[in-house]
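First comes the structure, then the notes that go with it.
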2 protein chains.
Amino acid sequence: MAKQTITIYDVAREAGVSMATVSRVVNGNPNVKPSTRKKVSDVIEKLNYRPNAVARGLASKKTTTVGVILPSVTNLFFAQLARGIDDIALMYKYNIILANSDESKEKEIQVFNTMLDNQVDGIVFMAENVTDSIKREIERTNTPVVFAGTANDIEDAYSVNIDMIAAYHDATSNLLTHKKRVALVTGRPHILLSTQQVEGYKRALSEHQVDFDDSLLIQGSLTYKDASNIVEQLLQAKADAAIIKDDALASAVMSELLDRGIQVPEDFEIISNDNSLISEIVRPALSSIQQPLYDIGAVAMRLLTKVMNNEEVDERRVNLPHKIKHRKTTEE
Amino acid sequence: MAKQTITIYDVAREAGVSMATVSRVVNGNPNVKPSTRKKVSDVIEKLNYRPNAVARGLASKKTTTVGVILPSVTNLFFAQLARGIDDIALMYKYNIILANSDESKEKEIQVFNTMLDNQVDGIVFMAENVTDSIKREIERTNTPVVFAGTANDIEDAYSVNIDMIAAYHDATSNLLTHKKRVALVTGRPHILLSTQQVEGYKRALSEHQVDFDDSLLIQGSLTYKDASNIVEQLLQAKADAAIIKDDALASAVMSELLDRGIQVPEDFEIISNDNSLISEIVRPALSSIQQPLYDIGAVAMRLLTKVMNNEEVDERRVNLPHKIKHRKTTEE
DNA sequence: TTGAAAGCGCTAACAC
DNA sequence: GTGTTAGCGCTTTCAA
């Protein structure tokens, strides 16, 4: 037997007031006499009334929920960002709809639109890169969108990130103090993120007066399963150090190197990029570019709350500080 | 300037039909003449009409969204489950609201109720253990709930899992073929999951005629940061093998062991339990209990769709098969 | 401080 | 096949 859903009308009747009054107490509207507030509250308690968020959403045109789109929950990089988003959302009493895009650009657009259908008040968007089609969707809607940890060059976009060029510049410079042939292993070429990383890398190179060597640049949709091939290329190119795009890949590469009797960091230094759990667990522990992942998520969500409330925001685009965390795969 | 939201009414007027007809074509109701279907579809296209899911939810009392509760997105174990859930939800056209409980039992109840407020059609619930208070909430609602990968002893609950007792029995037996002093590192005592794991462990022990030794049982809210303490205890107890509750902890323990010059697997064998990415990446690669995580999630979601549609389900409680995956931390 | 009433955008009988 | 209409449960003017 289905339990009866109890509505605002039931509460009103039972308390001997109008629906409007019940609505007011539920929403903390101050214009209610304390005694009637008490009376209504008691009835709410007694009847165990819970407002229907869907009806509320329809009537008020606000759902107090925000959508979060990320490539994959199993990707620790984005999962960390999600934590920051989640905490701040909770703090500002927004609900979260989290959706995987599964790294598929079609699904990305689909979940984006599903969120709009569900009348989310705003969206935090994360991806490895921003395609033109998703750009178009974002422009078409009035729903505010902020990018978190996602390279983008959209003029007036809300975005929080680190200065990726500077980060890769720093990592490269670090490596260049002990090593001669520093390789760079990034994601697919032509996407903005890779472009930025390569740019930082090249800047450091030229500062140190070393010529860019094409064979030291390895790019692609690489996962840890490609480690063996990558090591092959690295060795061929006589690399003695590398910056590697994520922790899983970096540790796989390191293991492969170790298996071949190459000492890390003596013969080969590594700087990774996620600074996830993995970097601490493997031996030797991975030195890593340290992005304030949680903070990026948190700041992005905070920014979104401002936009949703039409508050003034001074900077649409914020860069948070990064560091190079030296663990055991770089020399002192 | 806000773009005008266009409604079903606009489409109806423009197409010269009634709202009901528009509703019918939007919902694929067959009772529409092809020619008018075409006409309406064209207008929908032209006006770029998108149905408001909130209004639909209110009118139909179905939101076609399901809630997914998990302890943490950064926990790879649950993230894997979430993937399976997500894929099947997509297949059956359900939207997902995913919420972190942050391993807090209060937040767990809060997100549970928020989901009910939002009129989800069903919930997939994941946690390390099921408290009485969440049990009570689940009983209070008519919204179907299925447990995925979470130990529970609720009589008539929908639940998909592995046979944890058997899994730990198998792991222990395996270890016992080469080693004498097999330790067990589990989560907090007194929760059902740990109880099951200990039971499987003890069964194998007695089958192999070895007495249970209290000092070989290490329990608590352990994370990889506790590795050093755990190794201390392990060594003190003269353990030469261990089953360890998750990959992060297992690899941290292994690193600690290695640091102390103890050979794995020669001097010490390890079986881990998540079978995540981490187990493949670390060296030596972790042998592990292999749970069909993705499948557990997928089957749970499939089960939920049946319950939501009032379809017959023959088994409320399903156990999926597990395996012991031998990598490099166990002897052949 | 409170209530009446008109929607929010859609679905689902029911009638034609 | 198609249209009419009464809600779904709530918020929000507006008036009192």
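Note that these values count all heavy atoms, side chains included, but never hydrogens, waters or copies made by symmetry. Convention: sequence-line order gives letters A, B, ...; per-chain numbering from 1.
- Atom CG in A:L116 sits roughly 16 Å away from atom P in C:dG9 (whole-Å rounding).
- Protein atom CD1 of A:I8 is 17 Å distant from nucleotide atom P of C:dA5, rounded to whole Å.
- Judged by closest nucleotide on DNA chain D, B:P30 is the one of A:S60 and B:P30 placed further toward the 5' end.
- A rotation axis mapping the C1' atoms of four pairs onto the next four is fitted at both ends of the helix from C:dT1-D:dA16 to C:dC16-D:dG1 over five pairs, and the angle between these axes is 30° to 10 degrees.
- A distance-only check finds a donor-acceptor pair linking the side chain of A:N118 to the backbone of A:T114 [under 3.5 Å].
- Remark: of the listed residues A:I296, A:I96, A:V146, A:I96 is the sole one forming a side chain to side chain contact (heavy atoms under 4.5 Å, CB included) with A:I85.
- Heavy-atom nearest nucleotides on DNA chain D were determined for B:A55 and for B:T36, and the one closer to the 5' end corresponds to B:T36.
- Taking atom CG on A:N29 and atom C1' on C:dT2, their separation rounds to 11 Å, with Å as the unit.
- Computed from coordinates, the B:R56 CZ to D:dG9 P distance equals 18 Å when rounded to whole Å.
- Remark: P of C:dC8 and CD1 of B:I6 are 14 Å apart, rounded to the nearest angstrom.
- Salt bridge annotation for B:R188-B:E128: present, with a cationic side-chain nitrogen under 4.0 angstrom from a carboxylate oxygen.
- One finds the OG1 atom of A:T150 at 9.0 Å from the CG atom of A:N129 (value rounded to the nearest 0.5 Å).
- Atom CD of B:Q119 and atom P of C:dC10 are 18 Å apart (whole Å).
- Surrounding CD of B:E45 are at most 12 heavy atoms belonging to other residues, nucleotides or ligands under 6.0 Å away.
- Using a 4.0 Å heavy-atom distance criterion, A:N31 is classed as a base contact.
- The environment of B:K135 atom NZ is dense: over 12 non-hydrogen atoms of other residues, nucleotides or ligands sit within 6.0 angstrom.
- For B:S18, the listed nucleotide lying nearest its side chain is D:dT4; candidates were D:dT4, C:dC10, C:dG9.
- Rounding to whole angstrom units, OH of residue B:Y9 and C1' of C:dC10 are separated by 15 Å.
- Non-hydrogen atoms lying under 4.0 Å from DNA chain C are contributed by A:A20, A:T21, A:R24, all within residues 19-28 of chain A.
- With D:dC10, C:dG9, C:dT2 as the choices, the nucleotide that has an atom nearest any side-chain atom of A:K61 turns out to be C:dG9.
- Across the protein-nucleic acid pair, A:K62 atom NZ and D:dC10 atom P stand 19 Å apart, rounded to whole Å.
- One finds the OH atom of A:Y94 at 6.5 Å from the OG1 atom of A:T305 (value rounded to the nearest 0.5 Å).
- A cation-pi geometry, defined here as NZ or CZ lying under 6.0 Å from the six-membered ring centre and within 45° of its normal, does not hold between A:R83 and A:Y294.
- For A:T5, taking side-chain heavy atoms from C-beta onward, the closest of the listed nucleotides C:dA4, D:dG9, C:dT1 is D:dG9.
- Taking every heavy atom of both residues into account, B:G57 and B:T63 meet most closely at CA-CG2, 4.4 Å.
- Side-chain contact check for B:R140 and B:N113: no donor-acceptor pair (N or O, by modelled atom type) lies under 3.5 Å.
- B:V54 comes within contact range of no nucleotide atom at all, as no heavy-atom separation falls under 4.0 Å.
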